[in-house]
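Below is one structure, written out as structure tokens; comments come after it.
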Amino acid sequence: MSFRSAVVTLLGMLLAAGGVLWVLERQISGAWFRLGLQPEITAALEASLEDQKELARQAPERQAEYRARFEATQALVNHLRILEHNRQQILRRWELIVLAAVGGVLLAAGGAHLVRQGRFDARIERLRMALVALSAGQEDLEIGDRGRDTLGRIAGMIEETSRAMARDRKRLAYLKNLSVWQETARRHAHEMRTPLTAARLELERLQRLLHGEELEPARQVAGSVVEELDRLGRFTQQFTSFARLPQPRMQVHDLGQVAAEFAATFAGAWPNLTLRCEPQNGPLPAAMDRDMLRQALVNLCDNSALALRAEGGRQGTVTVSFGETHRTVYLDVRDDGPGIPPDIRSRVFEPYVTTRKVGEGMGLGLAISKKILLDHEGDLEILDSSTAGSAFRLSFPRRPEEATA
Amino acid sequence: MRRIHPQWVLFLLLFAAPLGALQPPAIEAAGDWLVLTRLPPLLAEEEVRKQLGTGLTTSVIFEARVADASGRKVRGAARVDIRYELWDEVYLVTRIDAVGKAVRVTLPSFERLAEWWRDARLHLVRAPRPAGKPVEVRLRVIPFSQAEQLEAQRWFSQALSAEGSGGAGAASQAVEDQPESFSQILNVLLATSLGRSALLEYEWKLTVPPGKAR
């Protein structure tokens, strides 16, 4: 409803209410006046005046008494006559007062309604603009309507939808990019595996053909080449693993329990790393592939251990803690290593991005871990990273029956 | 010749007038004054007679406006207050004209009042050389005096106040249960609404007879 039509409607309501009130009020107050100024009352009082006079004539000794009563009654009659003379004027004023009071109340109520309507329209307009922006693909909308009513809740839903859309877009973009890399890795692995295998077989045959002490140096060279081919094979295997990440087989597990088991199982896996698991407040059930989550945790701990080794082999600690939001349950993995260099922090989840020297790693661990969490409808994010350490959050969607709102 | 009874003459004088418009008074110059004579037969008006019988003070106010020789508007007024004393059954008449002198008379009957009215001469306005222009005369009949109005207001105020149960009696009881603010509203309403609007009003343009004008 436009502001003008709201005003017209309000004025119409005011006129109608005022008219009805005026008619009713006129009937009521007019009736009261008629009742109070009944001619019979005045006539009775006038008759009593005559009675007083007659009484005075019959009992002259009490004349003063009767005269006093006479004058009192006459004053009363005079007051009624003066009231009668001003009846219309009083009624008009009274109607004016009532109409003004009721009109004031109605106007105040109407004004409040108009203000409320204006605010309501403004909020509706903000929602409309937000929906337009949402349909245009704008992400992370902030409508700023924190009302607890329906509109406020709708605004919250639109904001949440825009955030979800932003998350999905990033996830899709990441997965799309990752799938390109996976396809590339798969092709490279495929192209490399066949000649590697052939070369290895030929070298082994060559080793068998080399007899005698004089050919020992040649045999050692062939052995070194076989070792290098093995190392190349392991790299090829990493390509294959990256290219053929399986889909998670979901089962509901308690996040804390899985992390505790991991900490216990892998307690001695990294000599320079101590694993610590903080106590959790309550069960945090999440649908997950436990083995894949374990692989993601191993990748994170691998990175921490390698970073600490690069710092001179000092000891470090990886701490796992837990938490939940209204939509997710998560575990935070925090180390006290040297942190991620700022120049690669934004690209750290891209494949082949690494700070290690050539031959020490391919930079696929975080990409694989991120892919695992995204396949769980969750995410892997950097919480913070500095020279005092890095923290990653592994989040899982809260199960529908566990969601709080 | 048969003698005409004066009561019949008076009756005819009083009751013939209402058949048409109220007969205007006459005006004449007397020295520097314009004097109103042959006052209109107001007492024959049914409303006035009825009002006089109530015992309230009925005020008859004459106001005059005339241009003097210099063209300046000059105003003047005269007032006759009539109150019928119900106990003693006499008419108390007070005449105050533009001269400023109040004359009080007590008249024992309506007939005597009518005679007094007929013979009354009211100095209305001091207007030397009225330039032959008509004198605008306005007559208003006010049904009660200001003192009676104030007394009635006081009585209503007492009746409407929660504490004033003394003189107002049942009237105050009737509003006793109302909130005080409501009583105050009613009080203000009555205080501002009780007025002395005219019961009757007439206006004439009278010409001063040329022979008598100075």
Side-chain angles (χ1 to χ4, degrees), chain A residues 25 28-29 32-33 35-39 41-57 60 62-102 104, chain B residues 47 50-59 83-90 141-160 166-175 178 181-200:
Chain A
E25 203 288 320
I28 292 167
S29 56
W32 277 110
F33 247 97
L35 191 65
L37 297 174
Q38 274 287 331
I41 297 173
T42 312
L45 290 171
E46 284 173 345
S48 82
L49 289 176
E50 292 302 319
D51 291 345
Q52 301 297 335
K53 284 168 75 175
E54 185 58 34
L55 286 169
R57 272 194 289 274
R62 295 177 65 186
Q63 186 177 0
E65 179 192 341
Y66 292 131
R67 179 154 193 171
R69 286 186 196 170
F70 178 91
E71 285 174 352
T73 309
Q74 190 191 351
L76 186 59
V77 174
N78 285 348
H79 296 154
L80 292 178
R81 285 203 174 104
I82 289 172
L83 195 61
E84 172 68 39
H85 180 76
N86 287 283
R87 178 205 287 235
Q88 291 305 322
Q89 174 77 351
I90 293 170
L91 279 176
R92 270 199 299 275
R93 292 271 174 95
W94 173 243
E95 285 162 8
L96 204 65
I97 288 172
V98 172
L99 281 176
V102 174
Chain B
E47 278 183 89
K50 194 176 165 187
Q51 182 63 31
L52 284 175
T54 62
L56 287 164
T57 304
T58 304
S59 296
R83 186 166 74 85
Y84 182 56
E85 178 54 64
L86 289 170
W87 181 270
D88 297 324
E89 298 182 353
V90 293
V141 179
I142 307 298
F144 45 86
S145 68
Q146 196 168 26
E148 288 161 344
Q149 176 196 356
L150 292 173
E151 174 59 21
Q153 271 178 3
R154 189 194 61 76
W155 183 80
F156 290 130
S157 174
Q158 198 179 352
L160 292 170
S172 70
Q173 189 64 39
V175 292
Q178 302 286 352
S181 56
F182 183 75
S183 298
Q184 284 169 351
I185 290 171
L186 283 178
N187 222 333
V188 171
L189 172 70
L190 281 173
T192 56
S193 302
L194 283 186
R196 296 195 302 142
S197 57
L199 199 64
L200 293 171

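Letters go in sequence order (proteins before strands), and every chain restarts at 1.
- Judged as a side chain to side chain donor-acceptor pair (under 3.5 Å), and not counting sequence neighbours, B/Gln149 has no contacts.
- Counting non-hydrogen atoms of other residues, nucleotides and ligands closer than 6.0 Å to CD of A/Gln38 gives a total above 12.
- For chain A, the nearby part of B/Glu85 is the side chain; its heavy atoms alone come within less than 4.5 Å.
- Smallest separation of non-hydrogen atoms from B/Thr54 and A/Asn78: O-OD1, 3.5 Å.
- Interface residue A/Gln63: backbone and side-chain heavy atoms are both found under 4.5 Å from chain B.
- Per-residue heavy-atom pair counts under 4.5 Å with chain B were compared for A/Arg92, A/Gln89, A/Glu50, and the maximum is reached by A/Gln89.
- The backbone N or O of B/Asp88 lies less than 3.5 Å from no partner atom in the side chain of A/Lys53, so there is not a single donor-acceptor pair.
- Of the listed residues (A/Arg67, A/Gln52, A/Gln74), the one with the most heavy-atom contacts under 4.5 Å to chain B is A/Arg67.
- Only the side chain of A/Leu76 comes within contact range of chain B, with at least one heavy atom under 4.5 Å from a heavy atom of that chain.
- Interface remark: A/Ile97 contributes side-chain atoms only to the contact with chain B (heavy atom separation under 4.5 Å).
- Taking both residues in full, the closest heavy atoms of B/Glu148 and A/Ile82 are given as O-CD1, 3.5 Å, listed atom of the first, atom of the second, then distance.
- Not a single donor-acceptor pair under 3.5 Å links the side chain of A/His79 to the backbone N or O of B/Gln153.
- The two residues A/His85 and B/Gly195 come nearest to each other via the heavy atoms CD2-O, 4.1 Å.
- Considering only residues two or more places apart in sequence or on other chains, A/Tyr66 meets the side chain to side chain donor-acceptor pair (under 3.5 Å) condition with A/Arg62.
- Note that CD1 of A/Ile90 is 5.0 Å distant from CG of B/Leu194, once rounded to the nearest 0.5 Å.
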